[in-house]
Amino acid sequence: MVSIGLDVGTGFVKCVSDYGHVIFPSLFAYRDMGKWEESQGRIEAVGKEARDFSKYPDTVIIRPVSEGRPINQRGFEALVSEAINRVCRIGLQQNNLDNKYNSGISIIVGLPYDARKEKTRLRRIIENQIQLKKCGIVPQVAGTLIDMNKKDAIIMSIGQGTTEIVVFDNQDPIIGVSLPQATDFITQGLGEFSYLQASTFTKQNSEIRKNVAKLTDILSNKLFNIMSSLDEKDHYDVVVSGGGIMIPGMKRSLQRKLKMEIQVPKIPIMSNAIGLHKLAKIE
Ligand SMILES: Nc1ncnc2c1ncn2[C@@H]1O[C@H](COP(=O)(O)OP(=O)(O)OP(=O)(O)O)[C@@H](O)[C@H]1O
Ligand SMILES: [Mg+2]
């Protein structure tokens, strides 16, 4: 059986399998071929290719995920099947797509903490796309907890559309919130697709610095608020994952406001998916 961990985020799809991992922008696009193009009809694209379609004036670009939840079914299905095809293609290239694949796929998918109601709908969308042996749906930050080999921790995951803060006790999520303030809050003033350009984060940018400071004010305040409801707050390590912690200055600013050390996974943006894959392997 092939095991897959899938994290379909607002900004990026992250998918980890036994063969390797993929990451691509959560974008879906279609356009009608022009009169002078060799073939005719409607064509679709996903990920970076969808972004590249925007040079054609009649392109429709869709962001199928908003605040961590599917909002466009056709686009979301395209992201899921693209992720699974890509990780399986890695297996093919390694000549590795053996009986393991034929005996089915076991997948664990992450959702925002507050999106439990979406579980059944999400399962239906995914089962529409692929034949599955097993499909588990869990709070996405459980992936970071497992990636970090922890049982008790406060996980904060700063994504593009939401920041999740969840307290785990003995691997049980006991308190949690999905906040609508995340990296979109930092980059939205710099252009719709600015987050896809590395230069946005490498250039010295006073707008980013100012917005990082605002976001860490919000996030530290919310974290203190959650910690104050815990009996033994020192019992929990604080781990911060998600692409947001990779934004220059974010870790430093957060630590300064929290007045404590935080732990960051080795590959913060992939951490949820890495842990979800581990979970798919053991379940
Ligand atoms: N190399 C990098 N340097 C700086 N920032 C980065 C880097 N890579 C990603 N980011 C930031 O992380 C964001 C994406 O993070 P992530 O993939 O965790 O969000 P998401 O899972 O798509 O969103 P959500 O969890 O809210 O649905 C990007 O929009 C960007 O702001
Ligand atoms: Mg995410």
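Just follow the structure's listing: the first ligand is 1, and inside any ligand the first atom is 1.
- In this structure, of A182, S26, G243, P268, the residue bringing a heavy atom nearest to atom 12 (O) of ligand 1 is G243.
- R124 has no carboxylate O lying under 4.0 Å from a charged side-chain N of E77, or vice versa, which leaves the two without a salt bridge.
- Not a single heavy atom of E67 sits under 4.0 Å from any atom of ligand 1.
- Under the 4.5 Å side-chain heavy-atom criterion for Ile, Leu, Val, Met, Phe, Trp and Tyr, V264 and L258 are members of the same hydrophobic cluster.
- In summary, the atoms of ligand 1 found under 4.0 Å from a heavy atom of G68, numbered by their order in the structure, are 27 (O).
- Taking a 4.0 Å cut-off on heavy atoms, G244 registers as neighbouring ligand 1.
- Close contacts between ligand 1 and F12 involve ligand atoms 14 (C), 17 (O), 22 (O), 28 (C) [criterion: under 4.0 Å to a heavy atom].
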Evaluate the side-chain hydrogen bond (donor to acceptor under 3.5 Å, both in side chains) criterion for residues Q181 and K222: first the C-alpha distance (whole Å), next the side-chain angles of each, then the deciding distance (0.1 Å), finally the verdict. CA-CA 11 Å; Q181 290 92 7; K222 197 68 203 176; over 6 Å; no

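- At least one side-chain heavy atom of M250 sits under 4.5 Å from a side-chain heavy atom of L215.
- Near G242, the atoms of ligand 1 lying under 4.0 angstrom from a non-hydrogen atom of the residue are 18 (O).
- The number of heavy atoms from other shown groups lying within 6.0 Å of CD (Q40) is above 12.
- A salt bridge links R74 with E44: the distance from a Lys NZ or Arg NE/NH1/NH2 to an Asp or Glu carboxylate oxygen falls below 4.0 Å.
- With distances taken over non-hydrogen atoms, the option nearest atom 3 (N) of ligand 1 out of M246, M270, M250 is M246.
- With a 4.0 Å cut-off on non-hydrogen atoms, T183 touches ligand 1 through its side chain and not its backbone.
- Considering backbone and side-chain atoms together, T187 places no N or O closer than 3.5 Å to any N or O of ligand 1.
- Of the candidates I247, T10, N272, the one placing a heavy atom closest to atom 5 (N) of ligand 1 is I247.
- The ligand atoms of ligand 1 that sit less than 4.0 angstrom from a heavy atom of G159 are 18 (O), 19 (O), 23 (O), 24 (P), 25 (O), 26 (O).
- Taking atom 30 (C) of ligand 1 as the reference point, the nearest protein heavy-atom neighbour is F201 CZ, 3.6 Å.
- Under a 4.0 Å criterion applied to the non-hydrogen atoms of G11, ligand 1 contributes the atoms 20 (P), 22 (O), 23 (O).
- Atom 9 (C) of ligand 1 has I269 CD1, 3.6 Å as its closest protein atom, hydrogens excluded (heavy atom only).
- At least one N or O atom of Q160 sits closer than 3.5 Å to an N or O atom of ligand 1.
- Heavy atoms of other residues, nucleotides or ligands lying less than 6.0 angstrom from CZ of R116 number 12 at most.
- A salt bridge links R42 to D32: one of the charged nitrogens lies within less than 4.0 Å of a carboxylate oxygen.
- The part of K14 lying near ligand 1 is the side chain, judged by heavy-atom distances below 4.0 Å.
- For the side chain to side chain contact (heavy atoms under 4.5 Å, CB included) with S178, the qualifying choice from D114, I165, L111 is D114, the only one to do so.
- Every atom of ligand 1 with a heavy atom of G9 under 4.0 Å away is listed here by number and element: 20 (P), 21 (O), 22 (O), 27 (O).
- With a 6.0 Å cutoff to the six-membered ring centre and a 45° limit on the axis angle, R86 counts as a cation-pi contact of F24.
- Side-chain contact check for T216 and S253: at least one donor-acceptor pair (N or O, by modelled atom type) lies under 3.5 Å.
- Residue contacts with ligand 1: Y195 is placed with no nitrogen or oxygen under 3.5 Å of a nitrogen or oxygen of the ligand (distance criterion only).
- Inspection of the T162 and E67 side chains reveals no N or O donor paired with an N or O acceptor under 3.5 Å.
- Close contacts of ligand 1 with G161, meaning ligand atoms under 4.0 Å from a residue heavy atom, involve 23 (O), 24 (P), 26 (O).
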